[in-house]
Amino acid sequence: MATRYESKTAEPRQQARWAAADAFSVSNEDTGRPKYYVLEMFPYPSGNIHMGHARNYVMGDVVARHKRAQGFDVLHPMGWDAFGMPAENAAMERGVHPGDWTWSNIATMRDQLKLLGLSLDWSREFATCDPTYYGKQQAWFLELYKRGLVYRKDGVVNWDPVDNTVLANEQVIDGRGWRSGALVEKRKLNQWFLRITQYADDLIDGLSELEGRWPDKVRLMQENWIGRSKGLQMKWAFAADAAPAGHDAVEVYTTRPDTLFGASFVGLAPDHPISKQLAEADPRVAAFVAECRKGGASQAEIEQAEKIGWDTGLKVVHPFTGAEVPVWIANFILSEYGTGAVFACPAHDQRDLDFARKYDLPVIPVVRPEGAGDDFAVANEAYTGPGSLFHSDFLNGLDIDTAKAEAIARIEAAGQGEAKTIYRLRDWGVSRQRYWGCPIPIIHCEACGPVAVPSEQLPVELPKDLTFDVPGNPLDRHPTWKHVSCPTCGGEARRETDTLDTFVDSSWYFARFADPKADAPINKAAASKWLPVDQYIGGVEHAVLHLLYARFITRALSDAGLMDVKEPFAGLFTQGMVVHETYYEGLEPSGKPRWVEPSDVRIETVDGQRVATRLSTGAPLTIGDIEKMSKSKKNVVAPQDIIEAYGVDAGRLFVLSDSPPERDVQWSAGGVEGASRFVQRVWTEFDGFDPEAAANADVDASLIRETHKTIKAVSEGVEGFRFNSAIAKLYAFLATLRQHDKAGGEAKKTALSTMARLIAPFTPHLAEEAWARLGEDGMVLDAPWPVYDAALAADDAVTLPIQIGGKRRGEVVLPRGSDNATVEAAALANPTVQAYLAANNLSVRKVIVVPDRIVNLVAG
RNA sequence: GCGAGCGUGGCGAAACUGGUAGACGCAGCAGACUUAAAAUCUGCCGACUUCGGUCUUGCGGGUUCGACCCCCGCCGCUCGCACCA
């Protein structure tokens with residue numbers, strides 16, 4: 001009688017074996033084996049491991065275990081992205097110290113994570129809030145400071161009024177703070193910046209090397225974010241005697257110098273220095289500028305906003321024709337982009353056209369599509385397509401690219417401007433007015449200015465004795481911490497009280513994992529062994545945040561000689577979320593649904609409809625949308641509960657089996673039960689295996705074929721990140737094994753041994769138990785990945801579908817590799833085919849044979 | 001508005017470079033075992049059908065011996081950027 005598989009005892013037993021063998025610690029010494037670095041985006045210690053984490057880390061674990069079986073030295077570390085606002089919020093709400101709160105969360109989550117049976121090298125674990133980590137960050141920060149990549153400036157910054165701190169451009173989503181969701185305000189502050197724009201070209205150009213190993217989507221998002229455009233920066237001189245004081249020209253930027261002959265006005269941003277100067281002199285201009293600022297901030301408003309303008313009465317001179325062109329102030333011109341001023345060619349730019357139509361300004365087409373005549377005109381839609389120049393003097397007849405080059409050449413020759421590449425990307429503002437972050441290692445001295453903290457004084461540690469009862473930066477309020485003497489002159493000085501954006505912490509942690517205890521920020525030799533990360537796995541939400549910052553910092557640190565790698569992540573996979581149906585029992589008076597937890601819900605099918613009832617009260621429930629698991633909607637399923645009920649392996653299997661990894665997976669109780677059944681059945685196969693049972697030649701041949709087909713399919717599934725397909729093949733292979741449950745001999749044993757090794761990345765505990773039950777040596781963990789043999793997988797006979805005119809009408813079974821003439825003869829002789837042809841009065845005109853696949857009869 | 005992606009049974013999905021659409025799982029139905037239920041096992045499970053078949057991958061067209069796959073035009077959904085000159 002077969003025994004039941006007890007995950008509750010088996011899983012801890014196997015985890016203990018791995019721990020006793022220290023199975024996942026990996027050495028920095030050269031072993032002669034190739035290296036493979038698998039990394040999942042490390043978690044913020046928010047309190048508990050949730051399903052999204054679990055899916056992320058299980059995917060990484062599948063890759064890590066598979067690569068190990070393939071003979072690689074696999075580095076698979078784990079750490080904690082431990083600085084951040086929630087810790088300070090907890091301090092304010094509950095009076096706990098952010099550090100205590102964070103470290104206790106880490107302890108909880110580490111235990112939860114260990115339940116998942118991940119092949120992690122825990123000896124390399126660290127948290128970014130540990131001075132042994134952030135002190136090294138301060139060291140390299142100062143290195144970049146020395147090299148001019150860190151600077152301080154007054155600037156208009158994004159201010160999050162809820163978190164009371166500054167945000168970088170990347171951290172403002174739809175005008176709101178990425179974390180708090182509060183509407184972001186503009187403030188003028190003195191801030192520290194990292195010169196990411198210096199790497200703009202390199203960051204774009206590097207993307208092409210990642211083709212194929214990074215999702216196209218992410219590469220494109222980064223490219224768009226950096227937003228490189230090539231164009232012309234040029235001066236439009238004011239007409240004689242008409243210049244405003246202190247200005248002799250308006251400097252504009254354009255990507256369409258080819259359309260210069262179509263210029264009908266020059267536009268200034270409301271914040272342009274000339275606009276401001278005019279506003280000071282004329283209250284009507286001031287009123288107009290104020291009108292432009294009103295409502296400007298939010299996206300929806302910008303979209304709706306009508307174009308408005310103010311004719312300054314000033315005129316500038318066209319560089320080619322000498323004609324006078326009016327200067328307008330317009331609300332749609334951005335002061336932060338380019339020079340904050342443009343020349344407008346309404347015929348070939350929709351915004352300019354909308355504006356020109358409203359204010360009745362000339363619209364002169366200068367590019368016409370192929371075939372259009374001299375009368376080509378635009379109505380209310382600007383022409384932005386390809387074509388050739390006309391109405392344009394010396395540019396007439398040229399195509400757009402040639403005309404651009406020619407216009408630029410003429411302007412440059414005349415000394416009126418030059419070709420220029422500009423970027424949408426701004427420097428990265430890294431100052432945060434918060435306590436729980438890495439202190440910026442700078443001391444401000446009245447006499448000497450900002451001075452780097454000397455290296456022997458690093459790390460600059462955070463003080464512990466603070467109060468969090470008032471808003472604002474607690475560091476700044478600390479009675480003594482900021483008062484220091486100047487390292488240069490010894491005079492009275494003040495520490496920088498801003499801390500670094502936490503995205504700085506996560507911009508180099510992957511390099512620190514190479515040797516987390518190194519004296520240098522990065523152990524160059526160890527980093528050279530392991531980096532780049534071969535497979536990085538995480539959510540798409542970091543496409544232009546973390547992933548861009550990390551690429552920048554890696555380049556900067558390499559240029560500073562701290563490491564030797566430019567591109568940190570050779571392969572990237574962005575995984576989908578874990579989502580769950582929501583349930584609610586009526587609405588609150590406020591109109592919000594009264595959410596009910598899934599554990600309190602029973603789903604039945606009544607008359608083909610899914611009906612939800614509340615278990616505890618029997619009340620009928622409404623089934624809501626399928627959404628990302630979140631506490632507020634109560635649609636959360638905790639990994640620990642699943643492990644308790646079904647075991648880790650069933651949970652691991654389910655999060656990977658139901659959807660492709662890049663897509664969201666919908667959690668369902670039924671789904672995980674199915675996975676749990678699979679675990680049981682696999683065990684039953686191994687447990688019931690009788691090594692003494694007699695072999696059977698026919699069964700052996702088909703088992704061997706299926707074994708090899710499965711090896712191929714599962715290997716390809718794992719390598720191609722199609723875990724769901726790989727798992728489906730494993731289910732199918734189990735069905736095959738079950739069909740031959742009485743079989744014995746070598747073929748059956750090989751099939752089972754292969755099964756154990758193929759399931760090992762997904763259900764490692766079960767695989768170990770099965771391996772041991774089979775009497776194999778050692779751990780399946782160290783067993784080599786099965787090798788596919790095409791010859792053994794090949795069927796002797798193939799079933800060829802017979803199509804007539806592309807529709808399947810019958811089939812014929814023939815030996816594999818039959819020649820076309822044989823196939824053709826067999827198809828034509830097929831009784832079903834003959835009957836069909838006769839019934840429809842058709843005769844065969846042509847026969848197409850795809851060897852071993854299909855035969856198609858063209859009939860008429 | 002611009003850019004990218006997606007659309008296949010009741011549901012999640014599969015189909016490798018154009019070659020038997022719906023593998024595998026969930027839900028459902030029927031049966032076996034059981035005093036009964038659960039568990040387990042076996043079978044069925046796209047739609048229509050006069051049981052011969054016919055239709056079927058969002059809609060309309062095209063290319064091809066053959067299209068979920070390639071091309072053109074629509075419709076719908078999701079994501080990213082958003083007055084970037």
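In what follows, every chain begins at residue 1, and chains take the letters A, B, ... in the order their sequences are listed.
- Using atom P as the reference point in both rC6(B) and rC72(B), the two lie 15 Å apart (nearest Å).
- Side-chain to base pairing of K729(A) with rC24(B): no donor and acceptor N or O lie closer than 3.5 Å to each other.
- Side chains of S264(A) and Y359(A): no donor on one and acceptor on the other come within 3.5 Å.
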TODO: At under 4.0 Å between heavy atoms, which parts of nucleotides 4-13 of chain B does protein reach? Answer with one letter per nucleotide, 5' to 3': B base, S sugar-phosphate only, - none.
DONE: S-------BS

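- Residue R602(A) contributes atom CZ, which lies 16 Å from atom C1' of rA27(B) at whole-angstrom precision.
- Look at CG on L857(A): it is 10 Å from C1' on rC65(B), rounded to the nearest Å.
- Looking at the side chain of S725(A), the nearest of the listed nucleotides rG80(B), rA14(B), rC83(B) is rA14(B).
- The aromatic rings of F654(A) and W667(A) lie perpendicular to each other, with more than 60° between the two planes, well past the 30° mark.
- Nearer the 5' end of RNA chain B, as judged by each residue's closest nucleotide, is the contact made by G805(A), out of G227(A) and G805(A).
- When heavy atoms are screened at a 4.0 angstrom cut-off, V858(A) is found touching the sugar-phosphate backbone but no base atom.
- For rC2(B), the paired nucleotide is rG80(B), the pair qualifying as Watson-Crick or G-U wobble because both relevant distances are below 3.5 Å.
- For rA21(B), there is no paired nucleotide, since no Watson-Crick or G-U wobble pair has both relevant distances below 3.5 Å.
- Pairing for rG7(B) goes to rC75(B), judged as Watson-Crick or G-U wobble with the two contacts each under 3.5 Å.
- For the pair I848(A) CD1 and rU20(B) C1', the interatomic distance rounds to 16 Å; values are reported in whole Å.
- As rounded to the nearest Å, rG31(B) and rA21(B) have C1' atoms that lie 30 Å from one another.
- Taking the C1' atoms as reference points, rC16(B) lies 34 Å from rC81(B), given to the whole Å.
- If you check every strand for non-hydrogen atoms under 4.0 Å, R845(A) touches nothing.
- Within the structure, every side-chain polar atom (N or O) of R677(A) is placed at least 4.0 Å from both OP1 and OP2 of rC41(B).
- Among the atoms of the strands shown, none is found under 4.0 Å from any heavy atom of R426(A).
- Within the 4.0 angstrom heavy-atom criterion, no nucleotide atom of any strand lies near S668(A).
- Nucleotides rU8(B) and rA15(B), compared at atom C1', are 10 Å apart to the nearest Å.
- The aromatic rings of H542(A) and H546(A) sit perpendicular, their planes meeting at an angle over 60°, well past the 30° parallel limit.
- In this structure a side-chain-to-backbone donor-acceptor pair under 3.5 Å is missing from R602(A) to T613(A).
- Around the NZ atom of K230(A), the shell of radius 6.0 Å holds no more than 12 heavy atoms that belong to other residues, nucleotides or ligands.
- Cation-pi check for R424(A) over W225(A) is met; the charged atom lies under 6.0 angstrom from the ring centroid and within 45 degrees of its normal.
- Considering only side-chain N and O atoms, R853(A) lies nowhere under 4.0 angstrom from the phosphate OP1 or OP2 of rG66(B).
- Between F721(A) and F723(A), a ring centre-to-centre spacing shorter than 6.0 Å is recorded.
- Using a 4.0 Å heavy-atom criterion, one finds that G674(A) contacts the sugar-phosphate atoms exclusively.
- When distances run from any side-chain atom of Y731(A) to the nucleotides rA82(B), rC84(B), rC24(B), the shortest one goes to rC24(B).
- Atom CG of D852(A) is separated from atom C1' of rU20(B) by 15 Å (rounded to the nearest Å).
- Both distances falling under 3.5 Å, in either a Watson-Crick or a G-U wobble arrangement, place rC41(B) opposite rG31(B).
- Between R808(A) and the phosphate of rG66(B), there is no side-chain N or O to OP1/OP2 separation shorter than 4.0 Å.
- Looking only at distances, a side-chain donor or acceptor of N856(A) sits under 3.5 Å from a matching main-chain atom of G806(A).
- In this structure, I333(A) reaches the bases: a heavy-atom distance under 4.0 Å links it to at least one base atom across the strands shown.
- Among the nucleotides rG19(B), rC81(B), rA85(B), the one closest to any side-chain atom of Q803(A) is rG19(B).
- Within 4.0 Å of R219(A), counting heavy atoms only, lies no atom of the nucleic acid at all.
- Across all strands, R228(A) comes closer than 4.0 Å to no nucleic acid atom at all (heavy-atom distances).
- Put simply, CD on E627(A) is 12 Å from P on rU78(B), counting in whole angstrom units.
- Not less than 6.0 angstrom separates the ring centroid of H318(A) from the ring centroid of F343(A).
- Picking from rU20(B), rG66(B), rC84(B) the nucleotide with the shortest atom distance to the side chain of L334(A) gives rC84(B).
- Per the geometry, NZ belonging to K420(A) stands 14 Å off C1' belonging to rC84(B), to the nearest Å.
- For rG9(B), the base is syn relative to its sugar; the glycosidic angle is within 90° of 0.
- Ring orientation note: the planes of Y383(A) and H348(A) are nearly perpendicular, at an angle over 60° on the 30°/60° scale.
- At a threshold of 4.0 angstrom between heavy atoms, the contacts of N224(A) with the nucleic acid are absent.
- With rounding to whole Å, R681(A) atom CZ is found 12 Å from rA39(B) atom P.
- Between Y337(A) and rA85(B) there is a side-chain N or O to OP1 or OP2 distance below 4.0 Å.
- In this structure rG22(B) sits in the anti conformation; its chi angle is more than 90° from 0.
- Residue R722(A) has no polar side-chain atom (N or O) positioned under 4.0 Å from OP1 or OP2 of rC16(B).
- Side-chain proximity of A732(A) to rC24(B), rC81(B), rA21(B): nearest is rC24(B).
- Salt-bridge check for R722(A) with E719(A): failed, with every basic side-chain N at 4.0 Å or more from each acidic carboxylate O.
- Along RNA chain B, the nucleotide nearest T832(A) and the nucleotide nearest T255(A) are compared for position; the residue whose nucleotide lies closer to the 5' end is T832(A).
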